[in-house]
Amino acid sequence: MISASIFLGMIGPWQIAIIVVLVLLMFGGKKIPELMRGLGSGIKEFKDASKEEETEDKK
């Protein structure tokens, strides 16, 4: 079984370019900013929730 560190070591600039092109083809240029906004808001909510957990644990 291939470990994640070996897999990540094999990703180069050409593979990243291919992934970007595939994402553009799948979702189109207009849909990508909307997807990134959704991803950003999800990460922000996760960080806020983890900060709330830390403050509750300290009490």
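Throughout, residue positions are numbered sequentially from 1 according to the sequence presented.
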Which atoms form the tightest heavy-atom contact between K47 and S50, and what is the distance? O-OG, 2.8 Å

Grouping ILVMFWY residues whenever side-chain heavy atoms fall under 4.5 Å, the cluster of W14 otherwise contains none

Under 4.5 Å between side-chain heavy atoms, counting indirect links through other Ile/Leu/Val/Met/Phe/Trp/Tyr residues: same cluster for L24 and M26 or not? yes

Residue pairs passing the salt bridge (Lys or Arg N to Asp or Glu O under 4.0 Å) test where at least one lies in residues 11-25, sequence neighbours excluded: none

N-O pairing of R37 and E34 below 4.0 Å: no

Would you sort out whether V21 and L25 count as a side chain to side chain contact (heavy atoms under 4.5 Å, CB included), showing the intermediate values? CA-CA 6 Å; V21 169; L25 289 174; 4.1 Å; yes

E45: salt bridge (charged side-chain N to carboxylate O under 4.0 Å, His left out) partners, not counting sequence neighbours: none

